[in-house]
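Encoded as structure tokens, the structure appears first; notes follow it.
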Amino acid sequence: MKIGVIGAGNMGTAMIEGWQNAGQDTIAVMNPANPRVTKFCDERQLPLFHHVNEMMDWHPDALLLTTPASLTLSIIKEFDQLPTKVVMISAAAGISLQSLKKILPNNPWIRIIPNIPVSVNAGTIGMALGSDTDDFADVISLIEQLGQVITVTEDQLNIVGTIGGCGPAFIDVIMDAVGDAAVKHGLNRRTAYEVAASMVAGSGKLALESGLSPAELRDQVTSPGGTTIRGVETLEKHRVRYAMMDAVDQASEN
């Protein structure tokens, strides 16, 4: 499948990296002239276009828009001659399927909100489908190469995006703090961060594969009168759970 990526900012390049890791080798980029993007495309041997007609002449099967939300609708209007078989994927936050379909009504549309770990094929990708679901199988398989795809209704997409997109920064803060604690107790910095990152990765994998709730998983390691439950009590004392909920609330405000 030929994938055209419109906009090679942080998210666009992260998705390209993930696809190339998965063996996708027919990707082209459209972006205004930018030395960083030129260097990225040269290093990854990707065709780089600066104009809509160049991308159209490349004949993509799917177009991914990772453009700023404020520019997305005007960019889509430039593709008014796009063949209707081309599947459109929007990663622009806050622009509804209805608004997208209004401009290109005859193309199938998908809205996604991915996060940066797509670059290592471990992304969390919220997805809302348009009405042309029969046309999406190949593209959904393509997106699944980048990580865990979570299909939700469109009105739930923003909160999935907040957890998936902002959540890594919250967890990074926690890993940094745990790393500091490990250094305090004698580990060198590199080993401390390795332990913290491995613990987070393993905990997430266990939650996904076991299907158990976080509370059930917590109970598996909190022995009566043990060390872990004393640590949990300290987290409760410092209102860490409330702090995380409040962080999500603040991040999800428009």
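- Residues Met56 and Leu82 have side chains in contact (heavy-atom distance under 4.5 Å, counting atoms from C-beta outward).
- Counted within 6.0 Å of NZ on Lys2, heavy atoms from surrounding residues, nucleotides or ligands total more than 12; the atom is thus considered enclosed.
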- Task: Take Met199 and Met175 through the test side-chain contact (heavy atoms from CB on, under 4.5 Å) and record every step on the way to the result.
- Result: CA-CA 9 Å; Met199 175 272 295; Met175 285 197 296; 5.6 Å; no
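- Put simply, the side chain of Ile16 reaches to within 4.5 Å of the side chain of Phe40, judged on heavy atoms.
- Looking at Asn115, its side chain does come within 3.5 Å of a backbone N or O of Thr124 through a donor-acceptor pair.
- Side-chain atoms of Ile229 and Val232, non-hydrogen and from C-beta on, do get closer than 4.5 Å to each other.
- Under a 3.5 Å cut-off, the side chain of Asn158 and the backbone N or O of Ser252 do not form any donor-acceptor pair.
- Lys101 places no side-chain N or O within donor-acceptor distance of the main-chain N or O of Trp109, the cut-off being under 3.5 Å.
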- Query: So Thr67 and Thr72, side-chain hydrogen bond (donor to acceptor under 3.5 Å, both in side chains) or not? Walk me through it.
  - Reply: CA-CA 6 Å; Thr67 47; Thr72 297; 2.8 Å; yes
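- In this structure, the side chains of Val149 and Ile112 stay at 4.5 Å or more apart for every pair of heavy atoms.
- Leu129 places a side-chain heavy atom less than 4.5 Å from the side chain of Ile140.
- Remark: side-chain polar atoms of Arg230 are paired, donor with acceptor, to backbone N or O of Gly225 under 3.5 angstrom.
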- Message: Set out, in order, the CA-CA distance, both residues' side-chain angles and the distance that settles side-chain contact (heavy atoms from CB on, under 4.5 Å) for Val178 and Val200, then state yes or no.
- Response: CA-CA 11 Å; Val178 170; Val200 170; over 6 Å; no
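- Proximity of a side-chain donor or acceptor of Thr13 to a complementary backbone N or O of Ala8 within less than 3.5 Å is not detected.
- Annotation: Arg239, atom CZ; neighbour count of heavy atoms from other residues, nucleotides and ligands within 6.0 Å does not exceed 12.
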- Query: When you look at Asp180 and Arg189, which way does the salt bridge (charged side-chain N to carboxylate O under 4.0 Å, His left out) test go after all the steps?
  - Reply: CA-CA 8 Å; Asp180 280 347; Arg189 178 67 62 181; 2.6 Å; yes
- Item | Criterion side-chain contact (heavy atoms from CB on, under 4.5 Å) on Leu65 and Phe79, from CA distance to verdict | CA-CA 12 Å; Leu65 293 131; Phe79 284 92; 5.6 Å; no
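- Between Met11 and Val118 there is a side-chain heavy-atom pair separated by less than 4.5 Å.
- Between the Arg241 side chain and the Leu235 main chain, no donor and acceptor come within less than 3.5 Å of each other.
- His50 places no side-chain N or O within 3.5 Å of a backbone atom of Met30 that could act as its donor or acceptor partner.
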- Item | Criterion side-chain contact (heavy atoms from CB on, under 4.5 Å) on Val248 and Met245, from CA distance to verdict | CA-CA 5 Å; Val248 171; Met245 293 173 68; 5.9 Å; no
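- Applying the 6.0 Å contact sphere to CD of Glu54 captures more than 12 heavy atoms from other residues, nucleotides or ligands.
- Residues Pro114 and Leu146 fail the side-chain proximity criterion, which asks for heavy atoms closer than 4.5 Å.
- Within the 4.5 Å cutoff, the side chain of Asn10 has no heavy atoms near those of the Thr66 side chain.
- Using modelled atom types, no side-chain atom of Asn107 and backbone atom of Met88 make a donor-acceptor pair closer than 3.5 Å.
- A donor-acceptor pair under 3.5 Å is absent between the side-chain atoms of Ser198 and the main chain of Glu194, judged by distance alone.
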